[in-house]
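Written below as structure tokens is the structure these notes are about.
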Amino acid sequence: MGKPTNKQLTNSKFGPWGWSMILYAFLLYYFWAGLSVDALNVYPEAFAALHGWDPNVLLGFATPAGIIGVLGGIVFGRLIMKTGARNLSAVTLIVTGLIYILFGRVSSPTMFLVCLTLFTFMANAFGLIVTSTLMNNWFPRKKGIALGWATMGAPLCTATFVAILSGLFGKFGVPTGCTIVGVVVVIFGLASLVWVKDYPHDVGAYPDNIKAEGVDFKAQAEAVRSHKSAFTVSKLLRDKDMWCMGLGFGLLWMVTVGIVSQFVPRMISVGNSQPAALMMLTVAAVVGLFGSYFWGWLDQKIGTKTASVIYSASYIIALLLLIFAKLPIFTYIAIVFVGLGIGGLLNLMPSMVISVYGKYDFTAANSLVSPIASLLQKFAFLIMAVLLGKSGGDYTLPYGVFIVIDVIGAALLLCVTGKCKGKQDETQQ
């Protein structure tokens, strides 16, 4: 059996079915980021204007909804080992769409919180668990490049979804706007039953779109499908690498959220108008499209651990630039570095889990790594709010603290083993 060349492992020749699964994961990232993250820029004011509620109270609901939603990652991370990616994605998309239709018709702040929590909970299934599992099944060795393309859905969402949702709410009203989005999500869920294939073998394709002589890929696919991972929850909770990845990426994700969530206010604080600041965020999100591919390419070239440390270093540079953003030249450079970071973490985190646990045990390990990291990033809002309060609105203190958090996150990732300790087959060795 000929070993794949470096060129084969770093190109984007995924084959028709491979590209189809990447496009599907791209759309999952788009809907996940849109419904449960980016649209929080729209929900409070829109529902407050419709019902006369306090928008600050509605915005405050995002924290408990997000924290409870993290539990979805744990629940669905274990469930996907039984259901497979296609079935879990289809069901959670359909349920999310139906809840979103109901969301547009809530009549009390309590029901707003309940619906927000429920669809955030469900969205973590298809946005964080299904996406990475599908990429692991299809591209165990070209995971970096594949995720680089797929994760472009998240920054594209940042650049477009808020405007789309605002337009729908403005033209049709909140109830009808939510219905339109909900129906699209339901249709997407139904299409998943036909579209998605859990493994390349299901359609006669090869993992990574690389054919290897003498390898029984059908047997491998069945082995992965029937594999019972030795990495139980109990074992994973005692595993240093799981904690280093979960906490390390969680801290880096916290930094990312802290920067992006306050990027517009920071740009306004240094003298830019709100429309100009919003345009800067849009430009950063567009840069994130290229960033997604760049981090995937770098991951494939130099390894996930090294790429992750470089990622953390890039955000230290971004934070320093933002501290001195009163100088226009630093502002423009900061936009590039912030944008590059937007497209990186969703790529590097699952890629490292695959590298350490292998394609057989990935779903087991990811069921804890992803939720732990997701939970940590939720505290970015609280940390930023407290530190801005203490500094009187000066961003130097929070950005300085985030630099320290970034360094700690990178140090934890450096402690992760450089070898795969999960089950491997002959194509991975």
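Quick note: residue numbers are just sequence positions, from 1.
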Worksheet item: Listed by chain and number, what are the salt bridge (Lys or Arg N to Asp or Glu O under 4.0 Å) partners of Asp361, not counting sequence neighbours?
Response: none
Worksheet item: Please walk me through it: do Val75 and Phe121 pass side-chain contact (heavy atoms from CB on, under 4.5 Å)?
Response: CA-CA 10 Å; Val75 172; Phe121 183 89; 4.3 Å; yes
Worksheet item: Residues two or more places apart in sequence or in another chain: which of them pass salt bridge (Lys or Arg N to Asp or Glu O under 4.0 Å) with Asp38?
Response: none
Worksheet item: By side-chain contact (heavy atoms from CB on, under 4.5 Å), which residues pair with Pro64, not counting sequence neighbours?
Response: Leu113
Side-chain atoms of residues 48-60: list all donor-acceptor pairs with protein atoms under 3.5 Å, sequence neighbours left out, distances to 0.1 Å.
residue, atom, partner, partner atom, Å
His51, NE2, Val106, O, 3.3
Asp54, OD1, Asn56, N, 2.9

Response to the item:
Leu79 meets the side-chain contact (heavy atoms from CB on, under 4.5 Å) criterion, sequence neighbours left out, with Phe76, Thr83, Leu88
Worksheet item: What residues, two or more places apart in sequence or in another chain, satisfy side-chain contact (heavy atoms from CB on, under 4.5 Å) together with Leu387?
Response: Ile383, Leu397, Pro398, Val401
Worksheet item: Quick one: ring-ring contact (aromatic ring centres under 6.0 Å, His included) pairs with a partner in residues 244-268, sequence neighbours left out?
Response: none
When the side chains of residues 283-299 are checked against the rest of the protein, which donor-acceptor pairs come out under 3.5 Å, sequence neighbours left out?
residue, atom, partner, partner atom, Å
Ser292, OG, Gly288, O, 3.2
Ser292, OG, Gly343, O, 3.2
Trp295, NE1, Leu340, O, 2.8
Asp299, OD1, Thr304, N, 3.4
Asp299, OD1, Thr304, OG1, 2.8
Asp299, OD2, Ser351, OG, 2.5

Discussion item. Within the structure provided, determine whether Phe324 and Ile333 are in side-chain contact (heavy-atom separation under 4.5 Å).
Written reply: no
Discussion item. Per the side chain to side chain donor-acceptor pair (under 3.5 Å) rule, what does the pair list look like for residues 386-400, sequence neighbours excluded?
Written reply: Gln262-Tyr395, Asp394-Thr396
Worksheet item: Does the separation of the ring centres of Tyr24 and Phe188 fall below 6.0 angstrom?
Response: yes
Worksheet item: Under the side chain to side chain donor-acceptor pair (under 3.5 Å) rule, what pairs show up with a residue in residues 106-128, not counting sequence neighbours?
Response: Trp32-Asn124
Discussion item. So, using side-chain contact (heavy atoms from CB on, under 4.5 Å) as the criterion, who are the partners of Leu118 when residues are at least two apart?
Written reply: Ile99, Val114
Item to complete: Under the side-chain hydrogen bond (donor to acceptor under 3.5 Å, both in side chains) rule, collect the residues that match up with Trp149, sequence neighbours excluded.
Response: Ser12
